[in-house]
Amino acid sequence: MNSTTCMFSIIVPTFDRRDVVLGSIQSIAAAERPWPCELIVVVDGSTDGTYEALCDLELSIPLVRLRQGNTGAAAARNCGARAARGRYLLFLDDDMCIDRRLLIEHERLLADGADAVVGDIPLHPDSPVTLLTRGVARWTEQRRRRLARHGGRLGVADFLTGQLSVRASCFAAVHGFDESLTAGGSFGGEDTDFFFRLLQSRTRVAYAAGAISHQRYVVSPAQNIAQWWQAGCADARLSRKHRAIGSGLWDQHRGDTVTGRLVRLAATGPPAVRRRVQSAVVRRVEDGHMDRPTEWLFARTRDVAYWAGVRAGGGITRHRGTDLRILAYHAVLDIDDPVVGPYAVHPQRFEEQIIRLLADGHTFIDAGQLLSFLDGCGALPERSIMLTFDDGYESLLQHAAPLLARLAIPAVVCVVTGQLGGHNAWDESRGATRQSLLNGAQLRALSRDGWEIAAHSHTHAHLRSADGRQLTGELARPRADLAALGLPPPRLIAYPYGEHDFRVRHGVRQAGYSAALALTGRVPTPSAANRFALPRIEVGQEMSVSRLRELLERPESRWECRPGPMVRAATRFGPGRLIAPWRRPARNPPAPALTSSTDQIRNG
């Protein structure tokens with residue numbers, strides 16, 4: 001990489017899309033650039049006169065034209081990066097028409113300390129109206145809303161090389177894109193691989209909602225299906241390269257559902273039959289049909305192509321994950337009370353339990369590590385434990401916080417936000433003595449000391465029996481309550497009484513939480529893949545140190561925590577990520593149902 005002489009090096013790889021890339025270049029030239037920038041266009045073996053057309057351009061931004069054989073997306077981007085002189089590298093797909101302030105928005109977050117930034121990618125209004133573009137528009141809008149709801153927290157599946165900026169030093173530190181994944185011009189999952197390595201290197205990534213590039217979507221149905229086949233091959237390779245990704249890819253494509261099993265069975269059928277079926281479905285879409293049966297048929301056809309690609313690639317290798325135990329404490333207090341007492345742990349016993357767990361080799365993790373693991377962005381230490389404290393009793397300040405601070409152990413406190421600074425009113429009707437709860441100032445102090453402040457509903461209500469309006473309030477108001485106290489909106493929520501069902505879990509997701517905590521034994525333990533019902537072991541008054549150690553070692557007390565992408569988009573087109581639009585299948589792909597390239601949308 002050359003010495004830095006400008007702020008941004010904008011790198012655009014392209015293949016056989018002369019008119020599309022020329023339109024994108026004009027939008028880049030018109031963007032606001034209060035500092036020196038350069039544009040690098042890498043022509044990846046185009047035969048449509050793209051390079052010659054670039055030579056005829058006169059632009060207000062310095063233009064570097066590079067040409068190489070059709071060696072694929074990763075090689076093209078690395079080629080541009082080697083020629084770059086910018087402090088930051090901005091990768092754009094060749095069909096992205098950027099907003100005038102896109103560079104400004106990226107620079108703002110990078111200057112604020114981010115190492116990589118991605119933005120919003122809505123559909124360009126000039127895109128043709130088809131079944132595919134309707135799905136693209138729906139997926140991008142859902143992505144925008146979800147990121148806004150989660151405060152811009154990103155997972156691996158949110159990183160799109162269609163619009164990505166990264167510090168040149170960080171790009172070099174992870175050695176750029178893996179060119180072996182896209183050899184021959186085929187899609188090879190090099191973007192997912194790059195982002196996984198980037199996140200593993202502990203770089204800081206950010207989402208810029210104001211950085212907008214409009215995608216001019218001009219991909220045919222046949223191209224789309226062919227790219228899904230290649231995506232399956234790529235995911236099979238990725239699962240072997242990064243063991244933590246495999247289970248997430250399997251779940252993302254509903255591998256263990258009834259539909260997933262049927263689709264995988266269809267993918268093992270005779271290739272000639274698959275080709276005939278796919279040809280019929282593609283013709284129907286090309287004829288302009290946009291009804292729901294056609295949409296469903298096309299989505300399943302792409303699913304079959306994907307799993308056929310997985311099979312051709314050697315199958316997805318699934319990592320069995322890491323055993324994680326989450327402990328649920330309530331009060332740490334010496335109390336004789338018929339209601340609160342059974343859920344209180346004597347301070348001396350609490351200290352004995354923590355010391356013993358450390359001596360047994362357990363590692364205490366924080367909420368950030370848990371969420372990163374669930375997002376597929378990192379592994380957990382062996383014998384991991386996370387401490388949680390429900391209700392938010394004030395006694396934690398005296399009997400738990402000092403010990404945990406001395407041992408540098410992180411913890412999560414789940415508070416009933418409608419009772420902050422008050423008492424346990426939900427237990428009063430059952431004859432409980434009043435116990436003081438943490439107030440706003442105390443929570444801010446705990447947050448500064450590294451505690452995660454989570455929600456435990458607004459009033460400690462029974463959520464399964466709540467009507468729609470009450471349920472919405474119980475889940476949404478804690479986020480507003482804590483934000484009003486100057487605390488971050490809670491990422492986690494613990495279900496009162498451990499109660500939840502599908503309706504409650506759906507409400508938690510819609511309210512913007514990143515995960516939810518249940519209780520083992522209170523309700524049937526769900527699949528560990530469900531991040532909105534993570535089971536916890538409840539620790540009460542009668543739990544001796546030896547009994548706790550015994551529980552932690554019993555197989556039924558453990559749950560398999562498998563990493564998976566944060567994004568499982570909920571449109572009808574099947575879950576997934578965007579594939580760069582300019583790429584094409586390999587020249588001689590090993591029998592995909594239909595050949596050609598795609599702008600893929602594995603969107604939902």
Side-chain angles (χ1 to χ4, degrees), residues 1-15 37-45 64-94 96 106 110 114-119 154 156-206 230-231 234-235 237-242 244-245 376-378 577-584 586:
M1 207 169 293
N2 296 338
S3 60
T4 300
T5 60
C6 60
M7 182 68 74
F8 278 96
S9 291
I10 306 167
I11 301 170
V12 181
T14 188
F15 169 77
C37 296
E38 64 177 353
L39 173 60
I40 303 172
V41 181
V42 184
V43 181
D44 186 47
V64 179
R65 310 166 189 85
L66 301 175
R67 181 161 53 180
Q68 64 177 25
N70 182 226
T71 52
R77 292 194 178 97
N78 286 344
C79 176
R82 285 192 294 271
R85 298 174 298 160
R87 181 185 308 170
Y88 308 126
L89 308 180
L90 173 62
F91 294 99
L92 293 171
D93 281 344
D94 61 359
M96 291 291 180
H106 276 265
L110 290 165
D115 298 307
V117 177
V118 294
L154 297 160
V156 170
D158 286 306
F159 293 100
L160 310 173
T161 44
Q163 186 203 132
L164 157 72
S165 65
V166 59
R167 293 180 186 273
S169 58
C170 293
F171 185 86
V174 298
H175 308 295
F177 294 96
D178 185 346
E179 298 183 14
S180 68
L181 293 173
T182 58
S186 173
F187 165 70
E190 84 292 347
D191 47 2
T192 302
D193 167 73
F194 173 74
F195 287 124
F196 186 80
R197 289 185 285 114
L198 193 67
L199 291 170
Q200 291 290 82
S201 69
R202 300 298 181 185
T203 55
R204 179 187 170 194
V205 296
Q230 290 190 336
D235 284 353
R237 293 194 296 270
L238 281 174
S239 71
R240 290 190 289 275
K241 182 175 181 180
H242 302 296
I245 289 179
C377 301
R577 57 188 180 274
L578 292 179
I579 291 177
W582 59 277
R583 286 176 264 175
R584 68 175 180 179

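Each residue takes its place number in the sequence, starting with 1. These numbers were taken from a predicted model, which means no experiment stands behind them.
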Euclidean distance, [Y] [atom2] relative to [X] [atom1], rounded to 0.5 Å:
X	Y	atom1	atom2	answer
Arg167	Leu110	CZ	CG	6.0 Å
Ile11	Ser165	CD1	OG	11.5 Å
Gln163	Leu90	CD	CG	7.0 Å
Leu92	Thr14	CG	OG1	12.0 Å

Heavy atoms, side chains only, cut-off 4.5 Å: are [X] and [Y] in contact?
X	Y	value
Phe194	Thr161	no
Phe15	Asp94	no
Arg204	Asp115	yes
Leu164	Phe195	yes

For residues [X] and [Y], report the shortest heavy-atom separation together with the two atoms involved.
X	Y	result
Ala81	Leu89	CB-CD1, 3.9 Å
Asp44	Gly69	OD1-O, 2.9 Å
Leu238	Thr192	CD1-CB, 4.0 Å
Ala116	Leu198	CB-CD2, 3.8 Å
Ser9	Gly86	OG-N, 2.7 Å
Ala76	Val42	O-CG2, 3.5 Å

Please find out if less than 6.0 Å separates the ring center of Phe171 from that of Phe91.
yes

Residues which pass side chain to side chain contact (heavy atoms under 4.5 Å, CB included) with [X], listed by chain and number, not counting sequence neighbours:
X	answer
Arg67	Tyr51, Glu52
Ala75	Gln68, Thr71, Glu179
Val64	Glu38, Ile40, Leu66

For Tyr88, all residues meeting ring pair (Phe, Tyr, Trp, His ring centres under 6.0 Å), sequence neighbours excluded:
Phe8

Do NZ/NE/NH1/NH2 and the carboxylate oxygens of Asp178 and Arg197 come within less than 4.0 Å?
no

